[in-house]
Amino acid sequence: MKSQTLNRIYIMLKPKTKSIITISILAIIINIGEVVKPYLIKIVIDNYLSYGLWQKGFMTIGIIGIIYIAIMLIGNILDFIVSTATNMVGEDVIYSLRNKLYKYVQYSNIPFHDKIPSGTLFVRITSDVEDITTFF
C-alpha cells in the first residue's frame with residue numbers, strides 16, 4: 001500500500017484509538033489464558049495422574065479444573081466482546097468512509113461528472129470500499 005493510503009487509514013482510525021487499545025489489551029488477555037490452560041493440564045498430569053496420586057490430590061485437581069473452566073469461560077466472553085467491538089469499530093470507520101465519499105461525489109463540480117462515467121465511478125467507489133471493509 002502507498003504511504004498516502006496508510007496515512008488516510010490512520011486518520012480514519014485515530015478517533016477510535018481508545019477502542020483499538022482496549023481491544024488489543026483484551027486480545028492479549030485472551031492469549032495469556034490460552035497459554036495458561038495447557039499449563040494447568042500439565043500440572044494435573046505430571047504431578048498427580050502420572051504418579052497415581054489422583055486420590056490424594058483430588059481437591060487440588062478439582063480446584064485446577066475449576067480454574068481451567070473459569071479461564072475458558074472468561075476467555076470466551078472476552079473473545080465475544082473483542083469480536084463485537086472490532087466489528088463495531090470497523091463498521092463505524094466504513095460508515096464514515098462511505099459518507100465522505102458520498103459527500104465528495106455529491107458536491108463535485110459538473111466537469112468532474114462529465115469527465116468520469118457514472119458507472120466507472122460507482123464501481124470504483126463500491127469495490128474500493130469493499131476492499132477496505134475486507135481489510136477491517
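None of these values were measured; they are calculated from a predicted model.
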**OP:** With the side chain counted from C-beta on, respond yes when L78 and I74 share a heavy-atom pair under 4.5 Å apart, and no when they do not.
**Re:** yes
Original post:
Can you list the residues that meet the side chain to side chain contact (heavy atoms under 4.5 Å, CB included) rule with N7, with sequence neighbours excluded?
Top reply: Y10, I11
**OP:** Could you pull out all residues at least two apart from Y104 that satisfy side chain to side chain donor-acceptor pair (under 3.5 Å)?
**Re:** none
Original post:
Is it true that M88 and L13 fall in one hydrophobic cluster, defined by side-chain heavy atoms closer than 4.5 Å?
Top reply: no
Subject >> side chain to side chain donor-acceptor pair (under 3.5 Å) partners for Q106, two or more places apart >> reply: Y102
Name every donor-acceptor pair, under 3.5 Å, that has one atom in a side chain of residues 15-31 and the other anywhere in the protein, sequence neighbours excluded.
{"unit_1": "K16", "atom_1": "NZ", "unit_2": "D92", "atom_2": "OD2", "d": "2.2"}
{"unit_1": "T17", "atom_1": "OG1", "unit_2": "K14", "atom_2": "O", "d": "2.5"}
{"unit_1": "T22", "atom_1": "OG1", "unit_2": "K18", "atom_2": "O", "d": "2.8"}
{"unit_1": "S24", "atom_1": "OG", "unit_2": "I20", "atom_2": "O", "d": "2.8"}
{"unit_1": "N31", "atom_1": "ND2", "unit_2": "A27", "atom_2": "O", "d": "3.2"}

Subject >> For I66, side chain to side chain contact (heavy atoms under 4.5 Å, CB included) partners two or more places apart >> reply: none
**OP:** Would you indicate whether the side-chain heavy atoms of Y39 and V35 approach each other to under 4.5 Å?
**Re:** no
Original post:
Taking only residues two or more places apart in sequence or in another chain, which ones pass side chain to side chain contact (heavy atoms under 4.5 Å, CB included) with I63?
Top reply: I67
Subject >> From NZ (K115) to CD1 (I110), nearest 0.5 Å >> reply: 14.5 Å
Subject >> Results of side chain to side chain donor-acceptor pair (under 3.5 Å) for D46 - residues two or more places apart only >> reply: K42
Subject >> Residues forming a side chain to side chain contact (heavy atoms under 4.5 Å, CB included) with V123, sequence neighbours excluded >> reply: none
Subject >> Pairs flagged by side chain to side chain donor-acceptor pair (under 3.5 Å) wherever residues 63-82 is involved - sequence neighbours left out >> reply: none
Subject >> Nonpolar side-chain network containing I69, other nodes, edges under 4.5 Å >> reply: L73
**OP:** Enter the distance from I43:CD1 to I45:CD1 here, rounded to the nearest 0.5 Å.
**Re:** 11.0 Å
Original post:
salt bridge (Lys or Arg N to Asp or Glu O under 4.0 Å) with E34: which residues, sequence neighbours excluded?
Top reply: K37
